[in-house]
Amino acid sequence: MINVTKAYLGSKNRFLRYVDEIYQSGWLTNQGPLLRQLEQRLCDYLGVRHVILTNNGTIALQVAYRALNITGSAITTPFSFVATTSTLKWEGIRPIFADIDEETWNLSPAEIEKNLAPDTTGIVATHVFGNPCDVEGIEQVARRHKLKVIYDGAHAFGVQYKGRSVYHWGDLSTVSFHATKLFHTIEGGAIITNDDALAARIRLMINFGIVDAEHIEGIGVNAKLNEFSAAMGLCILDDIESILTRRAEIGRRYEEALADRFDLQLATLGSQINYSYFPVALLNEQHLLRTKAALNRMEIFPRRYFYPSLDTLSYLQPQPAQPRSRSLSQRILCLPIYPDLEAEVQEQIIAVMLQEHANYLPFPAISKLPVPPAQLLASALPSVTGSTH
Ligand SMILES: *Cc1c(COP(=O)(O)O)cnc(C)c1O
């Protein structure tokens with residue numbers, strides 16, 4: 001069975017050496033030595049001032065909103081994993097969607113500006129599939145309207161923009177180190193920032209607001225990462241270059257084989273991406289479902305990331321439709337990509353993709369059919385406004 005990804009486990013012996021250290025020190029969690037080592041190594045690797053490890057990427061977002069005092073509403077992307085939106089709602093912040101760019105699939109700065117409300121205090125944007133957002137465009141909008149900028153960088157570990165980690169942009173970035181991500185700590189995440197005062201506030205918040213044994217300052221939560229997770233991170237970080245290299249090889253082979261038949265995400269100019277996913281836009285949902293079924297018959301399980309478009313979430317209705325996000329979310333299939341994906345299996349996947357494309361399109365001369373305008377496509381969808389909320 002071939003899934004969209006396979007958790008990377010690194011060297012068992014290396015992991016067990018760290019586990020020995022844990023047994024010797026008896027230190028299992030709470031700012032332990034392995035966690036501190038991992039934070040330092042991540043700062044060095046990413047070239048950033050502060051990496052604050054957390055126990056998952058969702059709580060990292062929740063803490064981030066509080067640390068930056070995001071209240072009222074925030075502009076966010078409808079094309080992301082559900083946690084980008086649900087964390088806002090969970091923290092009592094109203095998510096306002098702005099549509100994505102048709103080519104990069106990221107939140108569009110122009111759309112952000114069109115959708116601002118009087119109570120908007122922040123922008124929460126995802127570098128979707130690791131493709132850097134228009135960080136300069138977003139920064140200009142944020143400056144003009146005095147907004148905080150949070151990047152959900154869950155997919156962007158190892159991604160560079162203009163020669164440095166994409167985590168340099170915005171007031172802060174959050175990351176997920178869940179087992180399915182390119183770099184992971186089993187469960188885990190981080191908040192990344194170059195702002196010393198902000199980092200200090202976040203460190204208090206992730207540990208109940210505890211300053212020391214007898215002082216508590218402000219409201220906090222438990223978002224600490226344990227030592228076993230930190231050990232896994234240290235092991236995997238040793239292999240990060242080979243992980244990125246292998247993913248790029250697989251990703252480039254897919255590109256070479258599929259680019260002239262399918263819509264692929266346009267990599268942002270000046271970026272070096274990480275091939276954390278390999279998303280392909282099919283012609284329409286029917287084509288997607290047929291292709292997915294054909295792959296499933298061969299025990300290959302691609303995933304529909306990100307479906308459904310987040311503007312259709314039941315707990316946020318009624319909600320204006322975001323046509324570009326809706327159209328895209330109906331057409332995207334993420335193909336298997338992970339370091340030890342075998343070349344033969346990849347060739348089988350490619351063969352099925354091409355065969356299903358040929359079957360669907362009776363005229364091979366027209367390889368890329370024009371996609372219907374997003375507006376028209378959206379009007380053909382069932383309306384979500386008026387559903388229960
Ligand atoms: C995985 C993911 C998260 C959530 O991270 P967890 O560590 O699973 O809590 C948030 N945002 C995006 C875009 C993700 O892909």
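Both counts, for ligands and for their atoms, begin at 1 and track the order of listing. Along the sequence shown, residues carry numbers from 1. Atom set for the values below is all heavy atoms of this structure, side chains included, hydrogens, waters and symmetry mates excluded.
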Margin query: Between R303 and V4 (side chain of the first, backbone of the second, donor and acceptor by atom type, cut-off under 3.5 Å), is there such a pair?
Written below: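 Not at all, since once roles are kept as given, no pair shorter than 3.5 Å links the two residues.
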Next item on the list: Please answer whether the main-chain N or O of V128 pairs with a side-chain N or O of T126 as donor and acceptor at a distance below 3.5 Å.
Entry: no
Taking [atom] as the reference point, the nearest protein heavy atom with its distance:
atom: atom 3 (C) of ligand 1; answer: F81 CD2, 3.6 Å
atom: atom 15 (O) of ligand 1; answer: H155 NE2, 2.7 Å
atom: atom 9 (O) of ligand 1; answer: T58 OG1, 2.5 Å

Note to self: Taking salt bridge (Lys or Arg N to Asp or Glu O under 4.0 Å) as the cut-off, I'd like each qualifying pair that reaches into residues 37-58, sequence neighbours left out, listed once.
What the structure shows: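 Only E39-R203, R41-D238, R49-D196 qualify under salt bridge (Lys or Arg N to Asp or Glu O under 4.0 Å).
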Checklist line | Quiz item: cation-pi between R324 and W105, 6.0 Å / 45° | finding: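 No - R324 does not lie over the ring of W105 by the 6.0 Å and 45° rule.
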Item checked: K292 NZ: over 12 foreign heavy atoms closer than 6.0 Å ->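 No, NZ of K292 has 12 or fewer neighbouring heavy atoms, counting only those of other groups under 6.0 Å.
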With heavy-atom distances below 4.0 Å as the criterion, list the atoms of ligand 1 near [X].
X: S80; answer: 13 (C)
X: N56; answer: 7 (O), 9 (O)
X: A83; answer: 10 (C)
X: A154; answer: 2 (C), 11 (N), 12 (C), 13 (C), 14 (C), 15 (O)
X: G188; answer: 7 (O)
X: G57; answer: 5 (O), 6 (P), 7 (O), 9 (O)
X: S176; answer: 1 (C), 5 (O), 6 (P), 7 (O), 8 (O)

Checklist line | Proximity to ligand 1 by part of D152, non-hydrogen separation under 4.0 Å | finding: side chain
Check: Which is it for E187 and ligand 1 at heavy atoms under 4.0 Å: side chain, backbone, both or neither?
Finding: neither
So is [X] close enough to ligand 1, meaning a heavy atom under 4.0 angstrom away?
X: K181; value: yes
X: A60; value: no
X: G189; value: no

Note to self: On a heavy-atom basis, which atom in E187 and which in L225 lie closest, and how many Å separate them?
What the structure shows: O-CD1, 3.5 Å
Next item on the list: Indicate the atoms forming the closest heavy-atom contact of S108 with D101, along with that distance.
Entry: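 Reported closest heavy-atom pair: CB-N, 4.0 Å.
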Check: Using 4.0 Å as the upper bound for N to carboxylate O, is an ion pair formed by D99 and K114?
Finding: no
Next item on the list: Could you tell me whether R246 and D340 make a salt bridge, using a distance below 4.0 angstrom between a side-chain N and a carboxylate O?
Entry: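 Not counted as a salt bridge, because no side-chain N and carboxylate O are separated by less than 4.0 Å.
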Name every donor-acceptor pair, under 3.5 Å, that has one atom in a side chain of residues 148-158 and the other anywhere in the protein, sequence neighbours excluded.
{"from": "D152", "atom 1": "OD1", "to": "A154", "atom 2": "N", "distance (Å)": "3.1"}
{"from": "D152", "atom 1": "OD2", "to": "T84", "atom 2": "OG1", "distance (Å)": "2.9"}
{"from": "H155", "atom 1": "ND1", "to": "F129", "atom 2": "N", "distance (Å)": "2.9"}

